[in-house]
Participant: 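First the structure, which I've put down as structure tokens, then a few questions once you've had a look.
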Amino acid sequence: MLSKSQIAKLLSCSISRRKTDFYVASSCYLCNSFCTLTKPPERNESPEIPSWVKCLDDKSHGSPDADENFVIPSLASWVNSYGSYGRTEVAKVTSSDIEEINVEKVCKLLRNRYSSPDCVVAALNASGVGSSSRMIERILKKFSNDWIPAFGVFTWAKLQMGHHHPSVLCDLMVDILGKSRKFHLMWKLVEEIRMLEGYVTLATMSKVMRRLARAGKYQDAIEVFKEIEQFGVKRDVAAMNVLMDALVKENSVEHALEVFLQFKACIPCDIHTYNILIHGHCKCKQFDNARKFLEEMEQQGFEPNVISYTCFVEWYSREQDFHNVNAILDEMKKKGCSPNTVTYTILMQGLGKAKQINDALGVYENMKTIGCAPDPSFYSSLIYILSKAGRFKDAWDVYEDMGKQGVKPDLLTYNTVIAAACEHSQEETALKILKKMEEDSCKPDLKTYASLIKMCCRKKRMKVLQFLLNHMFKNDVSIEVSTYSLLVRGLCKSGKLEEACLFFEEMVARGIVPWETTYKLLVNKLDGMSMGKQKEHIQKLMSEAKEWAEI
DNA sequence: GTAGGGTTAG
């Protein structure tokens, strides 16, 4: 039986740079050791002892009959077919297997902490691994919260292939740099691909605008929009909507409004533009202003739709102003605009938060009579509400009922059920669902793991915690500041200070600046336990992290 | 990426 690592070892020494479609992995004819990987033999080659099988290990050969299973048996997903040549069976290894192996090899290398992308490039150059765009995409997703390895691998592959990656990959890189607030590098990359035909699109500039807005650089985001034609992207309503949406989502309806007023004369807006403005104003509880835009859109000939009204329902609900919620629902009825699943979900959530559980459950009944079908998001909210009300058993029943109703759970549903199980300390159930997700090919995300990690810290389940961290890496979920904070906070609360320090250290080593609250909590705890030495160490790490952040 | 995804105290 060949292990994945044996194949990886073998492949890495010989074939990584070749481009043939498939290779043959075979075990030695004489010994059970895993030996060689070559192109398949020609049909007319002797099947007795294929000449192309050579043993790489120079170990003394025992009797070939000692172990009947010396041939390559099941390689599961690694191998898609077998051939038989005499006593040596062969397995085809496709180019996607090679990609898999290269991805693993590169990731292993990237887990060493490099201080700059250049160091990553040098290390990868020395490794002799080959690259492909598809492979880089997978690695970038794995390291999307870790800009140094991500940018290193991106640069290395570009140099190795001698040309730029496809534009979607460039967009991904732009986004990663923006997310880490490496705006200087982000711009350098954008400038670089601007020279290439068709590379910079609205998708690229959307990443730029959204990342700038997220960093609170509202004015910079607006400047990008004003100058967008210099990048070969049309300054039209689609681009304007992206900008306004980014500004609203990052809490500046004021800037969104400024853009709207400045451009409404030259860029004809659409229904989205108005809905973004309504959403923005509802979000900061400026209901009168929101109403003004609802009227303005009508005057401009755009009939308000279910999205327009649902914004009001959401934010009146959040205010627990159910009088106005009902007024909006009545208005919708009058205008012949039916609420949809989203509207009902929001309404039910609002009632749930207001602790009006029975009214919340009534929404579900109401939907059924109207014939509005619940979707996975709706069920997730229902599960959430029941769990928060301490009714885990009912929440679980709803989850099970979904299947019977033919609604497939999605990521949100799984996350909600896992969070509910964790909150009720149902460890086994929570892990069971994690497994179920795998079976359903539903990829877990940071939130999936966050609830599980929180529970493990609380219950001091260190082994399960380690299992989860490995699980995350395998699933391409990159650990970032919120996860580290969760770990440090959770372990502090459980009195596991040594472990908390280790995670704090790892976070800083990855170039992440810890949150001030996380830092203070840890230092206070260390102080309380008279762990002076560790406290000094953490203080030193924190000031280092802050220094780097400023560079 | 025009609306729902639900907490960073204690």
Side-chain angles (χ1 to χ4, degrees), chain A residues 171 175 202-203 205-207 209-211 213-214 237-250 253 256 260 269-283 290 293-294 297 302 304-318 328 332 337 339-354 360 363 374-385 387-388 409-420 423 445-448 450-451 454 481-490 492-493 514-521 524:
Chain A
D171 290 353
D175 195 45
L202 178 56
M205 299 318 282
S206 297
K207 308 269 185 217
M209 291 189 288
R210 286 189 189 280
R211 288 304 174 191
R214 176 152 302 178
V237 64
M240 186 172 80
N241 287 344
V242 168
L243 172 65
M244 286 175 58
D245 182 59
L247 293 168
V248 160
K249 292 223 169 95
E250 304 310 333
V253 69
F260 173 75
C269 39
D270 60 11
I271 192 161
H272 293 198
T273 320
Y274 281 107
N275 282 346
I276 290 165
L277 284 169
I278 291 170
H279 175 215
H281 285 100
C282 283
K283 198 176 158 187
F293 285 108
L294 193 77
M297 78 191 278
F302 299 110
N305 61 11
V306 61
I307 295 177
S308 326
Y309 291 115
T310 300
C311 291
F312 286 93
V313 173
E314 177 181 2
W315 294 91
Y316 278 132
S317 280
R318 289 206 190 201
I328 294 286
M332 288 175 79
C337 175
N340 61 15
T341 315
V342 178
T343 320
Y344 287 121
T345 308
I346 286 170
L347 180 58
M348 183 177 66
Q349 264 171 12
L351 290 163
K353 286 216 173 90
V363 174
D375 65 3
S377 275
F378 177 86
Y379 279 113
S380 306
S381 291
L382 190 51
I383 291 167
Y384 177 82
I385 289 167
S387 166
K388 282 286 176 203
D410 64 4
L411 178 62
L412 179 63
T413 321
Y414 283 126
N415 283 354
T416 311
V417 185
I418 287 178
E423 244 164 69
D445 69 356
L446 272 173
K447 285 180 191 145
T448 321
S451 355
K454 211 164 148 184
V481 61
S482 70
T483 318
Y484 278 116
S485 309
L486 188 64
L487 283 162
V488 174
R489 208 171 49 240
C492 272
K493 278 190 195 161
W515 288 336
E516 202 64 33
T517 49
T518 312
Y519 166 68
K520 280 190 181 144
L521 177 70
N524 284 342

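A note on names: the letters A, B, ... follow the listed sequences, proteins ahead of strands, and every chain is numbered from 1.
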Participant: Would you give the length of the straight line joining atom CG of A:N305 to atom CE of A:M332, rounded to the nearest 0.5 angstrom?
Facilitator: 9.0 Å

Participant: Measuring only between side-chain heavy atoms, which start at C-beta, is A:V481 closer than 4.5 Å to A:P514?
Facilitator: no

Participant: Would you list the protein and nucleotides 7-10 of chain B atom pairs, both N or O, that sit under 3.5 Å from each other?
Facilitator:
none

Participant: Specify the glycosidic conformation (syn or anti) of B:dG6, with syn defined as within 90° of 0.
Facilitator: syn

Participant: Would you say B:dG6 has OP1 or OP2 under 4.0 Å from some side-chain N or O of A:K447?
Facilitator: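 For A:K447, the contact criterion (side-chain N or O under 4.0 Å from OP1 or OP2 of B:dG6) is met.
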
Participant: Within the structure shown, what part of the strands sits under 4.0 Å from A:I346 by heavy-atom distance: base, sugar-phosphate, or nothing?
Facilitator: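 Here A:I346 touches the backbone only, sparing every base.
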
Participant: Let me know the distance between CG of A:D245 and C1' of B:dT2, rounded to the nearest Å.
Facilitator: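 That distance rounds to 7 Å.
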
Participant: Take the protein atom CD of A:Q349 and the nucleotide atom P of B:dA3, then report the distance between them rounded to whole Å.
Facilitator: 14 Å

Participant: So A:D270, base contact, sugar-phosphate only, or nothing? Heavy-atom distance under 4.0 Å.
Facilitator: nothing

Participant: Base, sugar-phosphate, or nothing for A:E314, non-hydrogen atoms under 4.0 angstrom?
Facilitator: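 If one applies the 4.0 Å heavy-atom cut-off, A:E314 turns out to touch the sugar-phosphate alone, with no base involved.
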
Participant: Taking only residues two or more places apart in sequence, or in another chain, which ones meet A:F293 in a ring-ring contact (aromatic ring centres under 6.0 Å, His included)?
Facilitator: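 By the ring-ring contact (aromatic ring centres under 6.0 Å, His included) rule, A:F293 matches A:F260, A:H281.
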
Participant: Round to a whole Å and report the spacing from CZ of A:F378 to P of B:dG5.
Facilitator: 14 Å

Participant: Quick one: side chain to side chain contact (heavy atoms under 4.5 Å, CB included) partners of A:S377, sequence neighbours excluded?
Facilitator: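 A:S377 satisfies side chain to side chain contact (heavy atoms under 4.5 Å, CB included) with A:D375, A:L412 only.
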
Participant: Under 4.0 Å, heavy atoms only, any strand: does A:T518 hit a base, just the sugar-phosphate, or nothing?
Facilitator: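 Nothing, no heavy atom under 4.0 Å.
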
Participant: Rounding to a whole Å, what distance do you find between A:K283:NZ and B:dG5:P?
Facilitator: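 Answer to the nearest Å: 11 Å.
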
Participant: Take atom NZ of A:K283 as the centre, draw a 6.0 Å sphere, and report whether it contains more than 12 heavy atoms from other residues, nucleotides or ligands.
Facilitator: yes

Participant: Nearest whole Å is fine: how far is B:dT2 P from A:L247 CG?
Facilitator: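 Distance check: A:L247 CG to B:dT2 P gives 14 Å.
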
Participant: Please tell me which of the listed nucleotides, B:dG5, B:dG4, B:dT2, lies nearest to the side chain of A:S377?
Facilitator: B:dG4

Participant: Could you check whether A:R210 pairs with A:D245 (Lys NZ or Arg NE/NH1/NH2 to Asp/Glu carboxylate O, under 4.0 Å)?
Facilitator: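 Looking at A:R210 and A:D245, the cut-off is met.
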
Participant: Measuring only the C1' atom in each nucleotide, how far is B:dG5 from B:dA9? A whole number of Å is fine.
Facilitator: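 After rounding to an integer number of Å, I get 23 Å for this pair.
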
Participant: Base of B:dG1, side chain of A:S206 - is there a donor-acceptor contact under 3.5 Å?
Facilitator: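 Answer is no: no donor-acceptor pair is held.
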
Participant: Tell me which nucleotide among B:dG1, B:dT2, B:dG5 gets nearest to the side chain of A:R210.
Facilitator: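 Taking heavy atoms from C-beta onward, the closest nucleotide is B:dG1.
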
Participant: Within the distance-only criterion (no hydrogens, no angle test), does the side chain of A:S317 pair as donor or acceptor with the backbone N or O of A:V313 below 3.5 angstrom?
Facilitator: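 Checking the backbone N and O of A:V313 against the side chain of A:S317, a donor-acceptor pair under 3.5 Å is found.
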
Participant: A:Y309 has an atom OH; how far is it from atom C1' of B:dA3, in whole Å?
Facilitator: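 Those two atoms, OH and C1', are 14 Å apart.
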
Participant: Between atom CG in A:N340 and atom C1' in B:dA3, what is the gap in whole Å?
Facilitator: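 Taking atom C1' of B:dA3 as the reference, CG of A:N340 is at 8 Å.
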
Participant: When A:T518 is tested against each of A:S485, A:S482, A:C492 for side chain to side chain contact (heavy atoms under 4.5 Å, CB included), which residue passes?
Facilitator: A:S485

Participant: For A:M205 and B:dG1, give me the distance from atom CE to atom P, rounded to whole Å.
Facilitator: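 So the CE-P distance, A:M205 to B:dG1, works out to 19 Å.
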
Participant: At under 4.0 Å between heavy atoms, what does A:D410 touch on the DNA or RNA strands: base, sugar-phosphate, or nothing?
Facilitator: nothing

Participant: Using a heavy-atom cut-off of 4.0 Å across all strands, would you classify A:S308 as base, sugar-phosphate, or nothing?
Facilitator: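 Nothing, no nucleic acid heavy atom in range.
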
